[in-house]
Number of protein chains: 2
Amino acid sequence: MVRAASNSDAGPPRRADAQRNRAAILEAAVELLHRDGANASLEEIARRAGVGSATLHRHFRGHRALLEAVFDDRIEQMCAEAERIAEQWPAGEALWAWLRHIAQHCAAEKALAALLRNDYGDTGAQNRSFGALGRAGQKLLDRSAAADAVQPGVTLKDLLLLVNAVADVCSDNSADIDRLLDLTWNGARRPIATNC
Amino acid sequence: MVRAASNSDAGPPRRADAQRNRAAILEAAVELLHRDGANASLEEIARRAGVGSATLHRHFRGHRALLEAVFDDRIEQMCAEAERIAEQWPAGEALWAWLRHIAQHCAAEKALAALLRNDYGDTGAQNRSFGALGRAGQKLLDRSAAADAVQPGVTLKDLLLLVNAVADVCSDNSADIDRLLDLTWNGARRPIATNC
DNA sequence: ACCTGAACACCGTTCAAGT
DNA sequence: ACCTGAACACCGTTCAAGT
């Protein structure tokens with residue numbers, strides 16, 4: 001279920017066998033990244049795709065390039081979700097609903113979580129993935145800040161790191177994720193004045 | 001700065017060269033685990049310690065056994081901190097101060113964070129490390145719950161996972177850690193009624 | 001232009017052979 | 001009892017040789 005090549009429109013047309021190989025590699029990568037997480041063996045991916053490991057490396061120079069190609073469409077999907085959610089909910093709820101979506105994606109695909117976490121860490125942050133996600137999220141955060149729905153001083157990076165971290169420690173149990181995210185959003189501490 | 005062998009009092013006395021090797025391995029492991037995190041190369045550790053890799057594997061059967069030996073005393077230290085803190089602060093503050101300490105340890109030693117995270121995940125949870133830490137933390141949590149200082153239903157595992165996760169995504173910047181932990185404790189959401 | 005097999009420099013783990 | 005060197009089955013990456 002990976003689109004053949006989302007950003008391969010540029011450049012000269014590829015040979016038919018090269019296109020087939022590329023698609024086979026992506027297909028195999030999806031399965032093994034799902035099973036083994038971010039450091040699935042490239043060798044095994046190549047084997048399952050029925051190509052030599054050298055072929056994999058020429059299509060995707062380095063681990064990271066493969067991850068980006070695999071999760072490219074899922075990141076676009078998360079950006080689209082931001083727009084859709086923004087239209088349906090008030091600022092604070094929208095931001096939080098979107099972050100919960102991201103957490104679910106990250107918990108279901110540890111490799112995606114690892115990819116994004118690296119991007120957040122980069123001070124450069126000029127990565128394509130973070131760029132798109134960052135713009136989508138910043139809109140939601142700005143609206144929330146304007147509505148006074150988040151703690152002052154909270155950055156988008158803070159929030160993305162938090163949900164990523166929570167997703168990473170929860171082992172696929174989506175009930176756990178929801179509980180920990182709730183704690184993060186509402187605070188683990190009992191509010192001092194509960195009934196005003 | 002690793003005690004020679006904290007749980008080697010049991011069993012027959014070891015040969016002098018074996019003791020020296022064991023100590024050298026631990027020393028090297030401390031350095032390389034600090035530099036490379038949880039999956040530092042065992043081979044490189046053995047090399048730096050000046051022993052064959054087979055020797056390392058006989059002293060410590062598997063990656064995990066080495067991690068446990070290295071961080072044994074640091075875990076005891078965290079347990080001791082729990083007692084000390086409990087005597088000085090009211091329930092809620094004590095719990096939170098202790099969790100902040102743990103986060104700092106985990107952020108400074110990613111390998112320690114990885115070791116603990118595995119223990120939290122284990123449903124068995126009969127691990128020595130988690131056992132001691134769990135008992136120490138549960139006391140603090142029970143006191144806090146009795147004082148109504150934490151959200152009802154929060155478990156110790158929730159809290160340990162959260163601080164571990166936060167520590168893991170913060171790259172050694174202790175200011176970042178403090179900010180994210182604060183969000184976790186107080187909630188990222190702006191409380192609805194702020195001035196009662 | 002693209003693929004392949006082989007090579008290189010690494011892993012973690014195990015085991016027979018030594019003292 | 002303990003250590004060693006060699007072996008085994010893996011990695012990721014690169015490169016010359018093929019079509």
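Within every chain, numbering begins at 1; the chains are lettered A, B, ... in the order of the sequence lines, protein sequences first and strands thereafter.
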Under 4.0 Å between any heavy atoms, over every strand shown, what does [X] touch: base, sugar-phosphate, or nothing? Just pick one.
X       : result
B/Ala18 : sugar-phosphate
B/Thr55 : base
A/Arg20 : nothing

Between [options], which one does the side chain of [X] approach most closely?
X       : options               : answer
A/Arg58 : D/dC3, C/dC3, C/dT13  : C/dC3
B/Glu43 : C/dT13, C/dT4, C/dC3  : C/dT13
A/Ala54 : C/dC3, D/dT14, C/dC11 : D/dT14

Q | Closest heavy-atom pair and its distance - B/Asp168, B/Lys110 | A | O-NZ, 3.2 Å
Q. Crowded around A/His34 NE2? As in, over 12 foreign heavy atoms under 6.0 Å?
A. no
Tell me: [atom1] of [X] to [atom2] of [N], nearest whole Å?
X       : N      : atom1 : atom2 : result
B/His59 : C/dG12 : NE2   : P     : 17 Å
A/Arg48 : D/dC11 : CZ    : C1'   : 18 Å
A/Phe60 : D/dT14 : CZ    : P     : 16 Å
B/Leu42 : D/dC11 : CG    : P     : 17 Å
A/Leu56 : D/dC11 : CG    : P     : 13 Å
A/Glu44 : D/dG12 : CD    : P     : 9 Å
A/Leu66 : D/dT13 : CG    : C1'   : 15 Å
A/His63 : D/dC11 : NE2   : C1'   : 12 Å

With a cut-off of less than 4.0 Å, is there a side-chain N or O of [X] near OP1 or OP2 of [N]?
X       : N      : result
B/His57 : C/dC15 : no
B/Arg47 : C/dG12 : no
B/Ser41 : C/dG12 : yes

Q: Drop me the distance from B/Leu95's CG to B/Trp89's CH2, to the nearest 0.5 angstrom.
A: 13.5 Å
Q) Does C/dG5 pair with anything, Watson-Crick or G-U wobble, both distances under 3.5 Å, and if so, with which nucleotide? A) D/dC15
Q) In Watson-Crick or G-U wobble terms, both distances under 3.5 Å, what is the partner of D/dC10? A) none
**Q.** Residue met sooner reading DNA chain D from 5', once B/Asn21 and A/Arg61 are mapped to nucleotides
**A.** B/Asn21
Q: Give the intermediate values and the outcome of side-chain hydrogen bond (donor to acceptor under 3.5 Å, both in side chains) for residues A/Gln138 and A/Asp142.
A: CA-CA 6 Å; A/Gln138 191 65 49; A/Asp142 288 344; 3.0 Å; yes
**Q.** Test item: A/His59 side-chain N/O and A/Thr55 main-chain N/O as donor-acceptor pair under 3.5 Å
**A.** no
